[in-house]
Asker: 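Supplied in structure tokens, the structure appears directly below.
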Amino acid sequence: MDLSLDNVKTEIARLREEIERHNYAYHVLASPTISDKDYDELFRRLLALERQYPQYDDPNSPTRKVGAPVLEGFRTVPHSTPMLSLDNTYNETDIREFHGRVVRLLGQSAFTYLCELKIDGVSFAARFEDGLFVLGITRGNGVEGEDITEHIRRIPSFPIRLRHPETLEVRGEIFMPKSAFAQINAQREEEGLALFANPRNAAGGTVRQLDTAVVAKRRLDAFIYHLLDPERYGLKTQAQALDYFRELGFKTEPHRALCASVEDVIAYWRRWTAQRHSLPFDIDGAVIKVNEFGLRDTLGTTTHSPRWSIAFKFPAEQKEARVLSVEYSVGRTGVITPVANLSPVALAGTTVRRASLHNFEYVREKDIRLGDIVVVEKAGDIIPQIVRSVAEKRVGDETTLKPPERCPVCQGPVGKEREEDVAIRCLNPYCSAKLKRSIEIFTSRAGMDIEGLGERWIHELVENGLLKALPDIYRLDRERLIALPRMGEKSVRRLLDEIERSKGNPLHRLLTGLGIPSVGVKTAKELAASFKDLGRLRAATAEELCRLEGIGEEMAGAIRGYFQNPAVQRILDELAEVGVNTKEPIEQASDRFKGLTFVITGTFENYTRDELRNLIEKNGGTVSESVSKKTSYLLMGENPGSKAQKAALLNTPIMSEAQWQEWFKRT
Ligand code: IVH
């Protein structure tokens, strides 16, 4: 690096400021000012500098939204003023009554209401000092809550540095968008884990995680709607406060309305009762607030809620349907999911015909029978759920649902993998349903991206015995393919070319395509970037995996478990044998270490061993595992092993971490 330390400091500050500006434009204003690619580039540059110069570490750096510590437990913190809840109502009469009370207490009707949507999430308080985010607390019992500062830092839209250096406390709602909820539950279903009932539970479950890497992965979001001591900032109304939030960099829910009469309030609620499903997140009502802060003070609060506000909730939309039949689907890991075919009903904007029954414990708990009338609702307003069965409407010919005794696809044995699992799986490792799903994931766009090998052809090739395991993709025979119906000479050539081309994919594509439990595209890229080589990743310890950003203990365990599975090991060996690339290309930064061979031993304060290896390789050097006459330097950290003795024997130059840093800076 040819940067002086002063320049480094300025560059880091500049990058942080620029990234924060783009974050604000993207998350708060919803109008991006940079392409994803350029943003990633800025982010990577900052991350690299911060890693290399840990002396400029700052808990408020935008990169902290990605890195994630595992907490030991939750600290309880008192609220500065109690976090009250609101009175609830579901009908228009109560709203008119509320309005009558407010008018009576104020002795006038010259005021306005600000109506907001009631976000269905978990509420929290956040404190800022001189513009920096210092503390986040859950509502808890209203008087004290739990410290979730590290969780909140990882919500992409949440500003950890305000645009003005204010000291203040705001309150708002953490929520999970419906799309994120759907994605997480689909993944959990595939992995045989218990599902979240709705986005609110998913958001609540996420902020209760000690492993904050989970938060970073789960796409939480937050709206701010309340400011403590607003008059201190010269604000007179809730409408002004909401504008001020935006100006400071907070995200606010945009569909608010200023209402001059109770009729307008009711119209707002009616409109959103009908339109609620069009939003990308769940709302469960409207919140009506007296807009003028001066009048709020006159109204005051009771012990549990303010007199100037009320929650006007929506009735939940539910419909009845009949369970016509039940099918089973078999996923990549063999999880067998019962799915109910229902008599069609219109619900929350679409026609519902099917609902997942998730697993057989769920079926038993809810006592759902074939032929039952059931109450259907949409979780997160998108995924149809059966709420309960209506036992009163049974006529006597309903039948209980039993778990299948054999796999519905391959007729193989079924059972639970672990005692504590709720999921029943097909235990046949050669089950064609499992195989088809895993090949689909392998050839998918994010995986090995083999165009032309989609669901239909995979089905055909598996059924005809041409694909019995993943590596068979690379052993497909031209003649046998041409012999298949509807397979022309030209399409066979194209397909085989595509397959051949895929052999050269970088490691992260292979990792994504393997469908390693809990490893998505992002983690696959992290793993590939850090380990560079499949062999090294296969040998990685849980501790080494945990050092990576975004990987917690649970995930490290899952990854280790995957690579230790003998069936997986065989597949990986075979893929390498047929010529699939197992390395991540190294982006060349310079060739200053060209011709030099390093051996690394011991532990380092500012680098993991993999980071050192990457730095050396990126700059043209070679890293070898053992000391020999060819070794140029032994890079030695704390607690070195036998390599240090060997180096002493061979008179190999030894370099300490401090010497390395000095040298790396200069060369
Ligand atoms: S105002 C004293 N505004 O609903 C101020 N609350 O049932 C109280 N909520 O605990 C909160 N959206 O968790 C307010 N726009 C909104 C809201 C909102 C959701 C939640 C919040 C509160 C609960 C009250």
Side-chain angles (χ1 to χ4, degrees), residues 79-90 94-95 98 102 113-126 136-146 148 152 155 157 168-177 198-204 206-207 220-231 235 237-246 250-259 265 268-269 272-273 276 279-293 295-314 316 381:
H79 284 296
S80 51
T81 65
M83 271 183 89
L84 301 176
S85 64
L86 297 180
D87 267 349
N88 275 337
T89 164
Y90 288 85
D94 285 356
I95 285 295
F98 165 79
V102 172
Y113 288 112
L114 196 87
C115 295
E116 295 170 17
L117 297 179
K118 187 170 181 316
I119 315 303
D120 199 7
V122 288
S123 51
F124 75 112
I137 324 174
T138 61
R139 178 167 183 274
N141 59 13
V143 177
E144 51 182 29
E146 284 171 338
I148 51 164
I152 292 174
I155 297 178
S157 70
L168 49 77
E169 177 168 339
V170 293
R171 291 176 179 177
E173 202 85 354
I174 298 172
F175 65 97
M176 186 179 283
N198 51 50
R200 176 171 29 82
N201 286 10
T206 308
V207 294
L220 289 184
D221 209 338
F223 284 135
I224 297 302
Y225 48 66
H226 192 67
L227 176 64
L228 260 54
D229 289 332
E231 275 109 346
L235 303 168
T237 63
Q238 174 72 1
Q240 285 177 2
L242 292 172
D243 288 340
Y244 185 53
F245 289 150
R246 246 174 106 85
F250 292 111
K251 192 161 165 173
T252 55
E253 204 296 312
H255 301 101
R256 57 180 183 250
L258 192 62
C259 295
V265 169
Y268 177 86
W269 176 80
W272 282 105
T273 304
R276 56 192 287 202
L279 293 167
F281 48 84
D282 264 2
I283 57 174
D284 59 342
V287 178
I288 320 304
K289 302 173 179 179
V290 169
N291 189 32
E292 293 79 13
F293 292 140
L295 300 180
R296 287 188 183 184
D297 295 340
T298 315
L299 291 164
T301 64
T302 69
T303 47
H304 59 273
S305 55
R307 289 199 192 87
W308 44 263
S309 180
I310 191 164
F312 196 178
K313 302 243 256 180
F314 300 135
D381 277 352

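None of the values given here were measured: they were computed from a predicted structure. Indexing begins at 1, ligand by ligand and atom by atom, following the structure's order.
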Asker: Please report which non-hydrogen protein atom sits nearest to atom 17 (C) of ligand 1, along with the residue it belongs to and the distance in Å to one decimal place.
Answerer: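 Atom 17 (C) of ligand 1 sits closest to the protein heavy atom Y225 CE2, 3.4 Å.
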Asker: Could you list the residues that satisfy salt bridge (charged side-chain N to carboxylate O under 4.0 Å, His left out) with R200, not counting sequence neighbours?
Answerer: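 Applying salt bridge (charged side-chain N to carboxylate O under 4.0 Å, His left out) to R200 gives D120.
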Asker: Identify, for atom 4 (O) of ligand 1, the protein heavy atom at the shortest distance, and state residue, atom and that distance.
Answerer: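 For atom 4 (O) of ligand 1, the nearest protein heavy atom is K118 NZ, 3.1 Å.
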Asker: For atom 15 (N) of ligand 1, what's the nearest protein heavy-atom neighbour? Residue, atom name and distance, please.
Answerer: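 So the nearest neighbour among protein heavy atoms is E116 OE1, 2.8 Å.
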Asker: Backbone or side chain, does any N or O of K289 fall under 3.5 Å from an N or O of ligand 1?
Answerer: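 Looking only at distances, the answer is yes, because the N/O contact criterion of under 3.5 Å is met.
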Asker: For E173, what residues pass the side-chain contact (heavy atoms from CB on, under 4.5 Å) criterion, not counting sequence neighbours?
Answerer: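 Listed in chain order: I119, S123, Y225.
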Asker: Using distance alone, determine whether I119 and ligand 1 share an N or O pair under 3.5 Å.
Answerer: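 So ligand 1 has an N or O lying under 3.5 Å from an N or O of I119.
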Asker: Would you check if the side chain of H79 reaches a backbone N or O of R139 as a donor-acceptor pair within less than 3.5 Å?
Answerer: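 Here the side-chain-to-backbone pair exists.
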Asker: Donor-acceptor check, side chain of W308 to backbone of N291, threshold 3.5 angstrom: yes or no?
Answerer: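 No; judged by distance alone, with no hydrogens or angles, the pair does not exist.
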Asker: Checking a contact table here: which protein heavy atom is nearest atom 8 (C) of ligand 1, and how many Å away?
Answerer: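 For atom 8 (C) of ligand 1, the nearest protein heavy atom comes out as L86 CD2, 3.8 Å.
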Asker: Could you tell me whether D243 and R256 make a salt bridge, using a distance below 4.0 angstrom between a side-chain N and a carboxylate O?
Answerer: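 Salt bridge flag = yes for R256 with D243.
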Asker: Is there a donor-acceptor contact under 3.5 Å from the side chain of R276 to the main chain of D284?
Answerer: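 No; judged by distance alone, with no hydrogens or angles, the pair does not exist.
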Asker: Using modelled atom types only, decide if a donor and an acceptor are shared between the side chain of W272 and the backbone of L117 within a distance under 3.5 Å.
Answerer: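 Looks like no, no N/O pair under 3.5 Å.
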Asker: So which protein heavy atom does atom 13 (O) of ligand 1 come closest to, and at what separation?
Answerer: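 Result: E173 OE1, 2.7 Å.
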Asker: When you measure from atom 10 (O) of ligand 1 to every protein heavy atom, which one gives the shortest distance, and what is it?
Answerer: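 Heavy-atom neighbour on the protein nearest atom 10 (O) of ligand 1: S123 OG, 4.0 Å.
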Asker: Against ligand 1, does L117 come closer than 4.0 Å with any heavy atom?
Answerer: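 Contact present.
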Asker: Is there any N or O on S85 that sits under 3.5 Å from an N or O of ligand 1?
Answerer: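 Not met; the criterion fails.
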